[in-house]
K.L.:
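Quick one: this structure, given as structure tokens, is what I'll be asking you about.
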Amino acid sequence: MESPLIVIFLGKPGAGKDTQMELLKEKMGLDFVNSGDLLRERKKINNFTGNKISQIMDNGGLILTPVVFNLWMDRFEELKNRGNVKGIIMDGSPRKIREAYLLDEALDWYEWDKNMKVILIDISDEESIERIGKRRYCAQCKEIYIYDGKMDKCAKCGGELIKRLDDDISCVKNRLAWFKEEVEPVINYYKESNRLIIINGKQEIEKVFEDILKTI
């Protein structure tokens, strides 16, 4: 059986990973493993780990690798048992070099290691801060908007547009600092193993997507 396509998305906050992931899912019918979504769901569980995840994320911190890895493995197991997996999109992960090693081992374990694309959507720190400062989410359907100071309701479902706590500018600056310290070694790891594809993230959304499709 042909190995499923594994697409890993990396990029600074505001790089447009979520948008490109949605476009790729719609185009190719791939499944998600989105660490941010998994963590946000996990923090809703009112126990020690859930509460600690909430505390760390709300202050722009980084969740420990074992916690993230455990969530990945649960999701991988769910997809493997379901079967008929065309491919998987990893959004924003791995974020530490140890996570990159563990992800390679996990993909090997599930026999999904033969067709991997690692895509870095590249933007500057300045671009990241500017974009995040304007970003809003629909509280109901999770649609993402660039806030223009006027729209306060979602055009799709009429839900309220909100700003996530971890999108505060001070949190974004913290996330950019750990991106340099923790994620750049991951980028170098994939680059050295000839698996890294760099996409110019300052382009229009359609052009970024076009460039991504060309690579896969």
Side-chain angles (χ1 to χ4, degrees), residues 1-13 15-43 49 53 56-57 61-122 175 178-199 201 208-209 211-216:
M1 182 180 296
E2 184 178 351
S3 182
L5 172 66
I6 308 296
V7 184
I8 296 173
F9 275 95
L10 300 173
K12 296 172 183 174
K17 302 184 301 294
D18 289 346
T19 299
Q20 297 301 326
M21 179 176 66
E22 289 288 350
L23 291 171
L24 191 60
K25 177 182 182 293
E26 183 177 347
K27 178 76 173 179
M28 302 186 68
L30 307 183
D31 287 291
F32 287 127
V33 176
N34 182 308
S35 296
D37 286 349
L38 291 174
L39 287 166
R40 280 185 281 274
E41 283 300 311
R42 182 62 179 84
K43 78 176 187 177
T49 295
I53 289 172
I56 292 171
M57 289 183 70
L62 187 66
I63 305 301
L64 289 178
T65 294
V67 176
V68 177
F69 187 69
N70 186 52
L71 295 175
W72 287 351
M73 294 299 283
D74 287 346
R75 179 69 171 135
F76 288 160
E77 187 72 17
E78 174 189 327
L79 292 172
K80 192 70 175 183
N81 290 332
R82 189 198 71 191
N84 193 29
V85 177
K86 293 182 180 179
I88 297 171
I89 298 171
M90 298 288 297
D91 172 45
S93 297
R95 302 167 303 166
K96 288 185 175 183
I97 193 65
R98 183 166 53 154
E99 290 182 3
Y101 298 149
L102 288 171
L103 180 58
D104 276 351
E105 292 182 2
L107 292 175
D108 178 66
W109 174 262
Y110 285 104
E111 302 173 356
W112 292 335
D113 60 326
K114 305 303 182 186
N115 188 15
M116 177 191 290
K117 306 288 184 181
V118 183
I119 297 172
L120 170 64
I121 303 180
D122 193 29
R175 287 155 65 190
W178 69 247
F179 184 93
K180 182 175 182 60
E181 180 179 354
E182 302 286 1
V183 183
E184 286 189 3
V186 174
I187 293 169
N188 291 332
Y189 170 69
Y190 287 126
K191 184 176 181 180
E192 289 168 3
S193 59
N194 297 314
R195 290 181 286 177
L196 183 70
I197 300 160
I198 300 176
I199 303 292
V208 172
F209 187 54
D211 287 353
I212 290 171
L213 288 179
K214 287 177 181 177
T215 71
I216 60 175

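Here the structure is a predicted model, which is why all the values come from computation and not from measurement.
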K.L.:
Under the ring pair (Phe, Tyr, Trp, His ring centres under 6.0 Å) test, which residues partner F209, sequence neighbours left out?
P.N.:
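Per chain and number, F209 pairs via ring pair (Phe, Tyr, Trp, His ring centres under 6.0 Å) with no residue.
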K.L.:
What pair of heavy atoms forms the shortest contact from L5 to K117, and how long is it?
P.N.:
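The answer is CD1-CG, 3.8 Å.
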K.L.:
Not counting sequence neighbours, list each pair that qualifies as a salt bridge (charged side-chain N to carboxylate O under 4.0 Å, His left out) and has a residue in residues 24-39.
P.N.:
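Every salt bridge (charged side-chain N to carboxylate O under 4.0 Å, His left out) pair that includes a residue of residues 24-39, provided the two are not neighbours, is D31-R82, D37-R40.
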K.L.:
Can you tell if the side chain of I89 reaches within under 4.5 Å of the side chain of V33, non-hydrogen atoms only?
P.N.:
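Sidechains of V33 and I89: no contact.
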K.L.:
Do you know the tightest heavy-atom contact between K12 and K17?
P.N.:
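Reported closest heavy-atom pair: O-NZ, 3.4 Å.
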K.L.:
Listed by chain and number, what are the side-chain hydrogen bond (donor to acceptor under 3.5 Å, both in side chains) partners of N34, not counting sequence neighbours?
P.N.:
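With sequence neighbours excluded, N34 shows a side-chain hydrogen bond (donor to acceptor under 3.5 Å, both in side chains) to D91, given in chain and number order.
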K.L.:
Could you tell me the separation between the CE atom of M116 and the CG atom of L103, rounded to the nearest 0.5 Å?
P.N.:
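Reported to 0.5 Å precision, the distance equals 5.5 Å.
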K.L.:
Who pairs with F32 by ring pair (Phe, Tyr, Trp, His ring centres under 6.0 Å), at least two apart in sequence or on another chain?
P.N.:
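Listed in chain order: nothing, the list is empty.
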K.L.:
side-chain contact (heavy atoms from CB on, under 4.5 Å), that's the test. Do D104 and E99 meet it? Break it down for me.
P.N.:
CA-CA 9 Å; D104 276 351; E99 290 182 3; over 6 Å; no
K.L.:
Does any non-hydrogen side-chain atom of K80 lie less than 4.5 Å from one of V85?
P.N.:
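Result no, sub-4.5 Å side-chain heavy-atom pair not found.
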K.L.:
Output the distance between atom CZ (F179) and atom CD (E184), rounded to the nearest 0.5 Å.
P.N.:
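Answer rounded to 0.5 Å: 6.0 Å.
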K.L.:
Can you name the residues that form a side-chain hydrogen bond (donor to acceptor under 3.5 Å, both in side chains) with E111, not counting sequence neighbours?
P.N.:
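Scan of E111 (side-chain hydrogen bond (donor to acceptor under 3.5 Å, both in side chains), adjacent residues dropped) gives none.
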K.L.:
Any non-hydrogen side-chain atom of I121 less than 4.5 Å from a side-chain atom of Q20?
P.N.:
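When only atoms from C-beta onward are counted, Q20 and I121 do touch, with a gap below 4.5 Å.
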K.L.:
For E181, give me all partners under side chain to side chain contact (heavy atoms under 4.5 Å, CB included), at least two apart in sequence or on another chain.
P.N.:
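Applying side chain to side chain contact (heavy atoms under 4.5 Å, CB included) to E181 gives none.
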K.L.:
For R98, check side chain to side chain contact (heavy atoms under 4.5 Å, CB included) against everything at least two apart and list the hits.
P.N.:
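Counting only residues at least two positions away or on another chain, R98 forms a side chain to side chain contact (heavy atoms under 4.5 Å, CB included) with T65, P66, L102.
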K.L.:
Which is it for I88 and L30 under the side-chain contact (heavy atoms from CB on, under 4.5 Å) test, yes or no, and what are the steps along the way?
P.N.:
CA-CA 5 Å; I88 297 171; L30 307 183; over 6 Å; no
K.L.:
Could you walk me through whether K86 and M28 pass side-chain contact (heavy atoms from CB on, under 4.5 Å), step by step?
P.N.:
CA-CA 8 Å; K86 293 182 180 179; M28 302 186 68; over 6 Å; no
K.L.:
What heavy-atom pair brings R95 and V183 nearest, and what distance separates the two atoms?
P.N.:
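Closest pair (atom of R95, atom of V183, distance): O-CG2, 3.5 Å.
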K.L.:
Among residues at least two apart in sequence or on other chains, which ones pass side chain to side chain contact (heavy atoms under 4.5 Å, CB included) with D108?
P.N.:
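For D108, the residues satisfying side chain to side chain contact (heavy atoms under 4.5 Å, CB included) (neighbours in sequence not counted) are D113.
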K.L.:
Should Y101 and Y189 count as side-chain neighbours, where that means a heavy-atom distance under 4.5 Å?
P.N.:
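Yes, side chains in contact.
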K.L.:
Could I get the full list of salt bridge (Lys or Arg N to Asp or Glu O under 4.0 Å) partners for E77, not counting sequence neighbours?
P.N.:
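E77 satisfies salt bridge (Lys or Arg N to Asp or Glu O under 4.0 Å) with no other residue.
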K.L.:
For the residue pair L24 and L213, establish whether any side-chain heavy-atom pair is separated by less than 4.5 Å.
P.N.:
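A side-chain contact under 4.5 Å exists here.
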K.L.:
If you round to the nearest 0.5 Å, how far is NZ of K191 from CG of L196?
P.N.:
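One gets 7.5 Å once the value is rounded to the nearest 0.5 Å.
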K.L.:
Return the CE to CG distance between M57 and L39, rounded to the nearest 0.5 Å.
P.N.:
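CG of L39 is found 5.5 Å from CE of M57.
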K.L.:
Tell me, do Y190 and P94 make a side-chain contact under 4.5 Å, heavy atoms counted?
P.N.:
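Contact flag for Y190/P94 side chains = yes.
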K.L.:
Restricting to side-chain hydrogen bond (donor to acceptor under 3.5 Å, both in side chains), what partner residues turn up for W112, sequence neighbours left out?
P.N.:
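Residues passing side-chain hydrogen bond (donor to acceptor under 3.5 Å, both in side chains) with W112: none at all.
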K.L.:
Contact between L64 and F69 at the side-chain level, heavy atoms closer than 4.5 Å - yes or no?
P.N.:
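Heavy-atom side-chain distance check fails, nothing below 4.5 Å.
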K.L.:
Identify, with sequence neighbours excluded, every residue that meets side chain to side chain contact (heavy atoms under 4.5 Å, CB included) alongside T215.
P.N.:
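Applying side chain to side chain contact (heavy atoms under 4.5 Å, CB included) to T215 gives I119, I197, I199.
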K.L.:
Once you round to the nearest 0.5 Å, how far does CD1 of I216 lie from CG of D211?
P.N.:
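Rounded to the nearest 0.5 Å, the CD1-CG separation comes to 11.5 Å.
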K.L.:
Please name all residues satisfying side-chain hydrogen bond (donor to acceptor under 3.5 Å, both in side chains) with T49, sequence neighbours left out, ordered by chain then number.
P.N.:
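So T49 forms no side-chain hydrogen bond (donor to acceptor under 3.5 Å, both in side chains) with any residue.
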K.L.:
Are the side chains of V118 and L10 in contact, using a 4.5 Å heavy-atom criterion?
P.N.:
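Yes; the side chains approach each other to less than 4.5 Å.
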K.L.:
From L120 CG over to I198 CD1, what is the distance, rounded to the nearest 0.5 angstrom?
P.N.:
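If I round to the nearest 0.5 Å, the distance is 5.5 Å.
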